[in-house]
Amino acid sequence: MGTNRPGTKAGATVRSATRTPSQPVPRFVIITGLSGSGKTQVHKCFEDLGYFCIDNLPLRLVPEWGRLWKGLRETKTALIIDVRERSFLEDFGSTYTKLKKMGLHPHLVFLEADDTVLLRRFSETRRPHPLARRGETLAKSIVRERTMMNRIRTLADDVINTSRQTVHQLRRHVLERYGEHPTFMVSLCSFGYRFGIPPESDLVIDVRMLPNPFFMPRLKGRTGLDPSVVRFMRSHKETDALLEKTLDYLRFLVPRYREEGKSYLTISFGCTGGKHRSVFVAEQIRRALERDGLEASVTHRDLHAD
């Protein structure tokens, strides 16, 4: 993450609201900053953290929302407010002071990026700059906005320069800084290939190489949840080998998904009909992941399919 603001002396650093585990997360957050700096992406991160999020709320309505919000128990909120509103630059300071007097303890997050990065982002999206004047170049609009926003930047509790951050790095930065108890959910699904692969799958593991209880008359009408089917599957060394290698793979994979900022992973296990082998494997993997301390849920999509 860049820490030098264009126009400042080399080595000057921005304020950072790095939070220790003992500090509570802010509950009334205002997100602002330069156009093209990533406010929408950060807003989505706060939404994933359980904040009630509002984009482009008119400034005159912010105190009213604050009054309503104070009556909502266990609710966190994050608002995007920026130069898209004409009165923003003129009225933000007085509104921010009013929020403090109301006892809302607003936490101001200011996003910025280097001029060259903002130029590239606007060129890629082909969207006009919100402060663009007729006949003014994009570069001049960016510089003018930076100058106009400097006073608001000095009020910020947290200044984030997104110039050298990918979307995934920015997401991880926000989740680590503002998450109370970041969790990672693994969703497991068993299915039958005859009914198609679940479209929500991140990973698909084919277990049709395992011995099939369907061809055992006493097990054909049962499912992978039945103890007799579990004993049958466990009696074959191929089953234990598959479970062991799959768990090794997931124990390598899951931490790296978390580092990339994902909050969930959907893994689908498929057999022919989705009643025996895939059901058994999904259940065994769920139990093993829970023993590792991960949150895991399981769905058997085709357990009762004809």
Side-chain angles (χ1 to χ4, degrees), residues 1 14-34 37-85 88 91-112 149 152-162 165 167-187 257-265 294-295 297:
M1 183 181 78
V14 301
R15 289 188 310 280
S16 178
T18 302
R19 182 176 58 87
T20 64
S22 61
Q23 292 177 309
V25 296
R27 307 191 68 79
F28 194 99
V29 176
I30 296 176
I31 303 165
T32 192
L34 304 182
S37 59
K39 296 188 295 292
T40 299
Q41 181 61 36
V42 168
H43 204 231
K44 292 178 181 177
C45 295
F46 276 99
E47 191 170 43
D48 291 343
L49 288 171
Y51 283 74
F52 187 92
C53 296
I54 306 175
D55 185 10
N56 204 21
L57 182 68
L59 198 58
R60 67 182 182 277
L61 296 181
V62 173
E64 294 301 320
W65 169 241
R67 294 186 185 94
L68 290 172
W69 173 79
K70 288 182 72 174
L72 302 175
R73 294 184 178 182
E74 304 301 324
T75 300
K76 300 176 292 185
T77 189
L79 315 175
I80 291 185
I81 312 172
D82 54 31
V83 296
R84 287 174 292 176
E85 182 176 1
F88 172 75
D91 297 338
F92 180 81
S94 59
T95 300
Y96 194 64
T97 300
K98 186 174 184 179
L99 296 176
K100 288 187 173 183
K101 290 180 178 179
M102 292 170 61
L104 297 178
H105 306 290
H107 181 89
L108 184 60
V109 178
F110 189 97
L111 300 180
E112 61 181 22
M149 291 287 286
I152 294 174
R153 183 184 184 276
T154 62
L155 300 174
D157 299 288
D158 192 4
V159 178
I160 304 174
N161 189 313
T162 65
Q165 293 194 11
V167 171
H168 301 301
Q169 290 170 332
L170 178 59
R171 175 180 170 81
R172 182 167 66 250
H173 178 85
V174 174
L175 296 183
E176 289 177 352
R177 183 168 293 184
Y178 294 102
E180 291 180 289
H181 304 287
T183 59
F184 185 88
M185 171 64 74
V186 178
S187 178
Y257 269 107
R258 297 181 76 161
E259 290 172 3
E260 282 299 307
K262 283 182 71 69
S263 55
Y264 63 89
L265 177 67
L294 287 172
E295 290 190 40
S297 64

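Here, residue 1 is the first one in the sequence, and each next residue gets the next number.
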On a heavy-atom basis, the closest approach of Leu170 and Gln165 is CA-OE1, 3.0 Å

Contacts of Arg60 meeting salt bridge (Lys or Arg N to Asp or Glu O under 4.0 Å) (sequence neighbours excluded), chain-then-number -> none

Leu294 and Val186 have their tightest heavy-atom pair at CD1-CG2, 4.5 Å

d(Leu111 CG, Asn161 CG) to nearest 0.5 Å is 9.5 Å

Inset, instruction - Before accepting this row, confirm whether a basic side-chain N of the pair Arg84/Asp55 lies closer than 4.0 Å to the acidic partner's carboxylate O. - result: yes

Output for pair (Thr75 OG1, Leu68 CG), nearest 0.5 Å, gives 11.5 Å

> Parallel, tilted or perpendicular for Tyr178 and His107, by the 30°/60° rule?
Replying inline: perpendicular

Residue pairs passing the side chain to side chain donor-acceptor pair (under 3.5 Å) test with at least one member in residues 37-52, sequence neighbours excluded, are Asp48-Arg171

**Message:** Taking the side chain as everything from C-beta on, heavy atoms only, tell me whether Leu72 gets closer than 4.5 Å to Phe52.
**Reply:** no

All heavy atoms of Cys45 vs all of Val174, minimum pair found to be CB-CG1, 3.7 Å

Between Lys70 and Met102 the two heavy atoms that sit nearest each other are NZ-O, 2.9 Å

Between the CD1 atom in Ile81 and the CG atom in Asp91, the distance rounded to the nearest 0.5 Å is 11.5 Å

Does any non-hydrogen side-chain atom of Pro26 lie less than 4.5 Å from one of His105? no

Correct closest heavy-atom pair for Glu112 and Leu34 would be CB-CD1, 3.9 Å

Distance col, row Thr32:OG1 vs Met149:CE, nearest 0.5 angstrom, shows 3.5 Å

Q: Evaluate the side-chain proximity of Phe28 to Leu79: yes if any heavy-atom separation is below 4.5 Å, no if none is.
A: yes

The reported gap from CG in Leu108 to CZ in Arg153 (rounded to nearest 0.5 angstrom) is 11.0 Å

In short, Ile30 meets Pro106 closest at the heavy-atom pair CD1-CB, 4.4 Å

Open item on the list: When you compare the side chain of Lys76 with that of Phe46, does any pair of heavy atoms fall below 4.5 Å?
Closed with: no

Rounded to the nearest 0.5 angstrom, the CG-CZ distance for Leu99 and Phe92 is 7.5 Å

By side chain to side chain donor-acceptor pair (under 3.5 Å), Thr77 pairs with (sequence neighbours left out) Trp65

